[in-house]
Amino acid sequence: MILTLRYPHVRDIVQHYADRKNDKKITSILDNGLGSEEDATHLGYFIWEMLDLMAKDRELGVVVLGGADNTEMA
């Protein structure tokens with residue numbers, strides 16, 4: 001996935017939340033890129049869920065990848 005190659009910190013945060021949600025499809029997309037329209041749709045929904053989780057973590061002061069506010073990473 002070109003975005004995560006250019007910005008490795010983005011891959012780290014996406015991988016963290018994929019692991020947290022046990023979302024193997026996102027891990028596959030990170031490793032292999034988008035292979036279908038279904039992959040793209042899944043990634044789009046996942047990103048919105050991830051942003052919601054990031055906001056909750058920020059509000060609760062949860063440290064993720066060394067920071068309590070990772071909104072600039074996404």
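This structure is a prediction, so every number in the text was calculated from the model and none was measured. Computed over heavy atoms, backbone and side chain alike; hydrogens, waters and symmetry mates excluded.
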Chemist: Side-chain heavy atoms under 4.5 angstrom apart, residues restricted to Ile, Leu, Val, Met, Phe, Trp, Tyr: same cluster for Val14 and Trp48?
Modeler: yes
Chemist: How far apart are the closest heavy atoms of Ile29 and Asp39, and which atoms are they?
Modeler: CD1-O, 3.5 Å
Chemist: Please assess Lys21 against Ile26 for the test side chain to side chain contact (heavy atoms under 4.5 Å, CB included), listing each intermediate value before the final yes or no.
Modeler: CA-CA 10 Å; Lys21 292 181 53 66; Ile26 293 299; over 6 Å; no
Chemist: Give, for atom OH of Tyr17 and atom CG of Leu51, the distance between the pair rounded to the nearest 0.5 Å.
Modeler: 9.5 Å
Chemist: Could you tell me whether the side chain of Ser28 and the main chain of Lys24 form a donor-acceptor pair under 3.5 Å?
Modeler: no
Chemist: Strictly below 4.0 Å, N to O, side chains only: are Asp31 and Arg11 in salt-bridge contact?
Modeler: yes
Chemist: If you take all heavy atoms of Ile13 and Met50, which pair is closest and at what distance?
Modeler: O-SD, 4.1 Å
Chemist: Closest approach of Asp23 and His42, non-hydrogen atoms and distance?
Modeler: OD2-NE2, 2.9 Å
